[in-house]
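Quick caveat, the model's predicted, so the values are computed rather than measured.
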Amino acid sequence: MNQLLRIEIEQVDEDADSLERGVNALREDLLGLDVNGVERVAGAPAPANTRSAALEVANVLAVTLPVAMPLLERVARVVGDWRDRSEPSHTVVVEIGGDRLVLKGVDPTERQRLIADWLAACAATSAREAGH
């Protein structure tokens, strides 16, 4: 059984090439894990009054992974580490099964806390679904 994890990278005030390089780097990092696949999908249209070209590139990754909390934890840590290395203007939104994690402008300690809370929510959702 597989799960689909959605990762969206939002970047304003940067050019499309910069966003493209960032998304490619994150995709490569994720492919180094035991995931079943990482595909690029088209992002949402750009908000009004933004540089639409930079946001209309494929800024969403769909990660297919087996149902396994340890792998989800590793994916979350890779995303968090990538966020720390990336442009300060990047916002990363990770979503699985309705549980969302938003990383924007947080220090590493806060990022670790947010990831831990998100993983706990994911585990609770998974346990509820397994009970049905």
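- In the hydrophobic clustering of this structure, Val93 does not group with Val78; members are Ile, Leu, Val, Met, Phe, Trp, Tyr whose side-chain heavy atoms approach within less than 4.5 Å, directly or through other members.
- A donor and an acceptor atom, one from each side chain of Arg40 and Asn24, are located under 3.5 Å apart.
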- Task: Could you give me the CA-CA distance, side-chain angles and deciding distance for Val35 and Arg74, then say whether side chain to side chain contact (heavy atoms under 4.5 Å, CB included) is met?
- Result: CA-CA 10 Å; Val35 299; Arg74 289 194 346 241; over 6 Å; no
- Task: Give the intermediate values and the outcome of side chain to side chain contact (heavy atoms under 4.5 Å, CB included) for residues Leu33 and Val63.
- Result: CA-CA 11 Å; Leu33 301 176; Val63 183; over 6 Å; no
- Task: Check the pair Val41 / Leu61 against side chain to side chain contact (heavy atoms under 4.5 Å, CB included), numbers first and verdict last.
- Result: CA-CA 6 Å; Val41 295; Leu61 296 174; over 6 Å; no
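- In this structure the side chain of Ile96 never reaches within 4.5 angstrom of the side chain of Leu4, judged on heavy atoms.
- Interatomic distance, Arg6 CZ to Glu8 CD, rounded to the nearest 0.5 Å: 4.5 Å.
- Put simply, the side chain of Leu65 reaches to within 4.5 Å of the side chain of Leu71, judged on heavy atoms.
- The side chain to side chain contact (heavy atoms under 4.5 Å, CB included) test with Ile7 is passed by exactly one of Val60, Leu101, Leu30: Leu30.
- No path of Ile, Leu, Val, Met, Phe, Trp and Tyr side chains, each step under 4.5 Å between heavy atoms, connects Ile115 with Val102, placing them in separate hydrophobic clusters.
- The main-chain N or O of Cys122 is never found under 3.5 Å from a side-chain atom of Ser126 such that the two would form a donor-acceptor pair.
- Defined by atom type and a distance below 3.5 Å, a donor-acceptor pair is missing between the side-chain atoms of Thr64 and Asn2.
- Residues Leu26 and Leu114 share a hydrophobic cluster, clusters being chains of Ile/Leu/Val/Met/Phe/Trp/Tyr side chains in contact below 4.5 Å.
- Side chain of Asn59 to backbone of Ile9: a donor-acceptor contact under 3.5 angstrom is found.
- Between Arg111 and Asp81, at least one side-chain nitrogen of the basic residue sits less than 4.0 Å from a carboxylate oxygen of the acidic one, meeting the salt-bridge criterion.
- Formation of a donor-acceptor pair under 3.5 Å by the Arg83 side chain with backbone atoms of His90 is found in this model.
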- Decide side chain to side chain contact (heavy atoms under 4.5 Å, CB included) for Glu28 and Val23; before the verdict, give the C-alpha distance in whole Å, the side-chain angles of both, and the deciding distance to 0.1 Å. CA-CA 9 Å; Glu28 289 301 314; Val23 173; over 6 Å; no
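- Residue pairs that meet the ring pair (Phe, Tyr, Trp, His ring centres under 6.0 Å) test with at least one member in residues 15-34, sequence neighbours left out, do not exist here.
- Residue Leu119 comes nearest to Ala76 through the heavy atom pair CD2-CB, 4.4 Å, listed as atom of the first residue, atom of the second, then distance.
- To the nearest 0.5 Å, atom CD of residue Gln112 and atom CG of residue Asp117 are 12.0 Å apart.
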- Check against salt bridge (Lys or Arg N to Asp or Glu O under 4.0 Å), Arg77 and Asp29: CA-CA 11 Å; Arg77 306 258 180 252; Asp29 289 349; over 6 Å; no
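- Without hydrogens or angle criteria, Arg27 side chain to Val38 main chain gives a donor-acceptor distance under 3.5 Å.
- Distance check: Glu20 CD to Asp17 CG gives 7.5 Å after rounding to the nearest 0.5 Å.
- At distances below 3.5 Å, not a single donor-acceptor pair connects side-chain atoms of Trp82 with backbone N or O atoms of Ala25.
- For the atom pair CH2 of Trp118 and CG of Leu103, the computed distance is 9.5 Å after rounding to the nearest 0.5 Å.
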